[in-house]
There are 2 protein chains.
Amino acid sequence: MIEDLKTFQTYLKFFPEPEFREELVKYGQVNSFKKGDIIVRDGQYVKFLPIVLTGAIRVYQQKEDREILLYYVRAEETCTMSLAAAYFNNKSSSHGVVTEPTEVLIFPADLIYQWQSKYPSWNKYVIHMFRRRYDELINSFEGIVFDHIPDRVWDYLKRAPLNTENHIHISHQQLAHELGTTRVVISRILKQFEKEKKIKLFRGYIELK
Amino acid sequence: MIEDLKTFQTYLKFFPEPEFREELVKYGQVNSFKKGDIIVRDGQYVKFLPIVLTGAIRVYQQKEDREILLYYVRAEETCTMSLAAAYFNNKSSSHGVVTEPTEVLIFPADLIYQWQSKYPSWNKYVIHMFRRRYDELINSFEGIVFDHIPDRVWDYLKRAPLNTENHIHISHQQLAHELGTTRVVISRILKQFEKEKKIKLFRGYIELK
DNA sequence: TTGGCTATGTATCTTTTGATACCGTCATCA
DNA sequence: TGATGACGGTATCAAAAGATACATAGCCAA
């Protein structure tokens, strides 16, 4: 839990202007969320913007029964979809759900209009975030177009957060979901990896070797 | 050919500030390009930014022999990849090639730092462009994940610019390229559409019914 | 301990797409 | 006019992925 101002400010090292930091402290508020909490809903107007301090928010779009993972908002990042929606006073077209215990700095979206003309670091931050999200999407895009699913699964496993025992806690179903395919396909591929001694399968988690 | 200032300014209606328009005229320059001209190259630093007045620039990334189409920069739009690259003084990671006779307003990239604090409409424009590009990419993404190629071809045909005779001037090879597949697949699908009386095939163009 | 739910294993079949090869047609230009 | 190259049609084969069905195993609560 982030209590004191000093700790909090270390998370905002990319905003060097002292007055800006003061504003963030003055108008911002640190909220804690637990896994499963919903931060943004499709169809809602966005009045507050988040900067994640610790943890992660999963942002995705939903159409009929299909889901598209856009990105995870992680420490020091903001949600570009929320930003754009708030900026133009549009409803959100995405969902944002907390996937692990998460602390978020929340501030009123209206402030960004002033910040744009006052704080260059804010503009830099925004463009950097947009660029990063775009690159992430290009990467997924590339994966889907050019790589076979086994490669994408392997890639996912390599990037996934490990615990101390080299365990990735995820079910086949969830993994299928993340990669936009079906459980059977994932199970088949993982079994193959196990045969090749790359991983070891357990109920509820995967051990990487 | 855009000659007079008045005509030129009608293209910039989303920049209402008179001083901003003056700056654009003062520091900007209208250049004409023909099909095939290269505007940006992968690996080059970006010193000037474009706003397209008429025509289109195809922006794509190239990795080994594979190509990813990012977007077309059309009238009133700018190239977000160039913008981000220029902003952070990075080399471009994309190519930009003119696909039809095109007129572009070019201005020195350094100006954008000042514009951010001086002209709200500029910031609005930038965020709008980033958002649009992102949405476009999500759309392609969706298509690739969820739709079969015939659907994507049909979608492409419906959106494609028609001439007065309902003709789309594109070869099967080009179409395959746009959709990230091969010529044979496209020919096969188009032939099927023709059987279903949806289109009529000719050498070099397709008639929509 | 038993029933029920979730997670996983696996076989079978089908569809979609890609790869390759070969042929004919059309336009252009030397 | 004849060579050349882009364009398009089609057949055949193979690979990748999805759909479906069913079996088994672990987990947990009544």
Side-chain angles (χ1 to χ4, degrees), chain A residues 35-36 63-68 140-157 160 163 165 167-208, chain B residues 35-36 64-68 99 140-157 160 167-208:
Chain A
K35 182 171 175 174
K63 314 229 173 156
E64 289 118 60
D65 56 337
R66 331 177 301 187
E67 188 177 287
I68 302 179
S140 311
F141 195 88
E142 260 191 270
I144 290 184
V145 178
F146 299 115
D147 298 340
H148 291 164
I149 299 185
D151 295 340
R152 294 173 52 217
V153 172
W154 185 241
D155 202 57
Y156 185 94
L157 295 178
N163 70 5
E165 295 295 327
H167 292 171
I168 299 164
H169 282 265
I170 191 169
S171 73
H172 299 186
Q173 181 61 67
Q174 280 175 274
L175 187 41
H177 211 231
E178 294 285 293
L179 297 180
T181 177
T182 61
R183 204 266 312 165
V184 179
V185 171
I186 294 296
S187 293
R188 184 196 287 161
I189 288 165
L190 289 177
K191 207 63 198 170
Q192 182 58 29
F193 285 170
E194 194 177 39
K195 270 184 201 155
E196 297 166 4
K197 310 281 186 195
K198 291 176 174 173
I199 60 175
K200 203 149 183 288
L201 295 175
F202 299 89
R203 184 189 176 85
Y205 65 98
I206 300 168
E207 183 182 317
L208 227 69
Chain B
K35 182 171 176 173
E64 291 117 57
D65 57 337
R66 329 176 303 186
E67 188 177 289
I68 301 178
T99 58
S140 311
F141 195 89
E142 261 191 88
I144 289 183
V145 177
F146 299 114
D147 298 341
H148 291 160
I149 300 187
D151 295 339
R152 295 173 52 218
V153 172
W154 185 241
D155 203 56
Y156 186 95
L157 295 179
H167 292 169
I168 299 165
H169 282 266
I170 191 170
S171 74
H172 297 188
Q173 181 60 66
Q174 280 175 274
L175 188 40
H177 210 233
E178 295 286 294
L179 297 180
T181 179
T182 61
R183 202 267 310 164
V184 179
V185 171
I186 294 296
S187 293
R188 183 196 288 161
I189 289 165
L190 289 178
K191 206 65 199 173
Q192 181 58 29
F193 286 171
E194 194 177 40
K195 269 184 202 156
E196 296 165 6
K197 312 281 187 197
K198 291 175 172 174
I199 60 175
K200 204 147 183 284
L201 296 174
F202 299 90
R203 185 188 179 86
Y205 66 97
I206 299 167
E207 183 182 320
L208 228 69

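Naming convention: chains lettered A, B, ... in sequence-line order (proteins, then strands); numbering from 1 in each chain.
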Using 30° and 60° as the class limits, which term best fits the ring planes of B/F202 and B/H167: parallel, tilted or perpendicular?
tilted
Between C/dG18, D/dC7, D/dA19, which nucleotide has the shortest distance from any of its atoms to the side chain of B/T181?
C/dG18
Looking at five pairs on each end of the helix from C/dT1-D/dA30 to C/dA30-D/dT1, what is the angle between the two axes, given to 10 degrees?
20°
Using whole Å, what does the distance between atom P of nucleotide C/dT17 and atom CG of B/L190 come to?
14 Å
What's the shortest heavy-atom distance between B/E67 and A/F146, and which atoms?
O-CZ, 3.7 Å
Trace of the side chain to side chain contact (heavy atoms under 4.5 Å, CB included) decision for B/L190 with B/I206
CA-CA 9 Å; B/L190 289 178; B/I206 299 167; 3.9 Å; yes
From C/dG18, C/dT10, D/dG8, pick the nucleotide closest to the side chain of B/V185?
C/dG18
Got B/L157 and B/I199 here, is their nearest side-chain heavy-atom distance under 4.5 Å?
yes
Side chain to side chain contact (heavy atoms under 4.5 Å, CB included) between A/V145 and B/I68: does it pass, once the steps are laid out?
CA-CA 9 Å; A/V145 178; B/I68 301 178; over 6 Å; no
I need the CD1-C1' distance between A/I189 and D/dA17, as an integer number of Å.
9 Å
Rounded interatomic separation in angstrom, taking CD from A/Q173 and C1' from C/dC5:
14 Å
Rounded to whole angstrom units, what separation is found between the CD atom of B/Q174 and the P atom of D/dG8?
9 Å
Grab the two heavy atoms, one from A/P150 and one from A/F193, that are nearest each other, plus how far apart they are.
O-CZ, 3.4 Å
Nearest-neighbour nucleotide for the B/R183 side chain, C/dG18, D/dT10, C/dT8 considered
D/dT10
So if I take residues 196-204 of chain A and measure heavy-atom distances to DNA chain C, which residues fall below 4.0 Å?
A/L201, A/F202, A/R203, A/G204
Provide the closest heavy-atom pair for B/I186 versus B/H172 in the form atom of the first, atom of the second, distance.
CG2-O, 4.0 Å
Value for CD1 (B/I149) from OG1 (B/T181), rounded to nearest 0.5 Å, stands at 4.0 Å
Atom of A/L179, atom of A/R152 and distance for their closest heavy-atom approach
O-NH2, 2.9 Å
Could you identify which residues of residues 144-154 of chain B place a heavy atom less than 4.0 Å from some atom of DNA chain D, listed by residue number, or say none?
none
If only side-chain N and O atoms count, and only distance matters, is there a donor-acceptor pair under 3.5 Å linking A/Q174 with A/E178?
no
Output the single nucleotide from D/dA19, D/dG8, D/dA21 whose closest atom is nearest the side chain of A/T182.
D/dA19
Whole-Å distance between D/dG9 C1' and B/K195 NZ?
11 Å
B/K198 atom NZ, neighbour heavy-atom count above 12 within 6.0 Å
yes
Below 4.0 Å: OP1/OP2 of C/dT6 and any side-chain N or O of A/H172
no
Which whole-number value in Å describes the distance from B/H169 NE2 to C/dA27 P?
13 Å
Measure the CD-CG distance between A/E194 and A/L201 for me, rounded to the nearest 0.5 Å.
4.0 Å
With the side chain of A/R188 defined as its heavy atoms from C-beta on, choose the nearest nucleotide among D/dG18, C/dG9, D/dT10.
D/dG18
Residue A/V184, side-chain atoms from C-beta onward, closest of D/dG9, C/dT10, C/dT20:
C/dT10
Between C/dG24 atom C1' and B/K191 atom NZ, what is the distance in whole Å?
13 Å
Whole angstroms only, please: what is the CD1-C1' distance between B/I186 and D/dT10?
16 Å
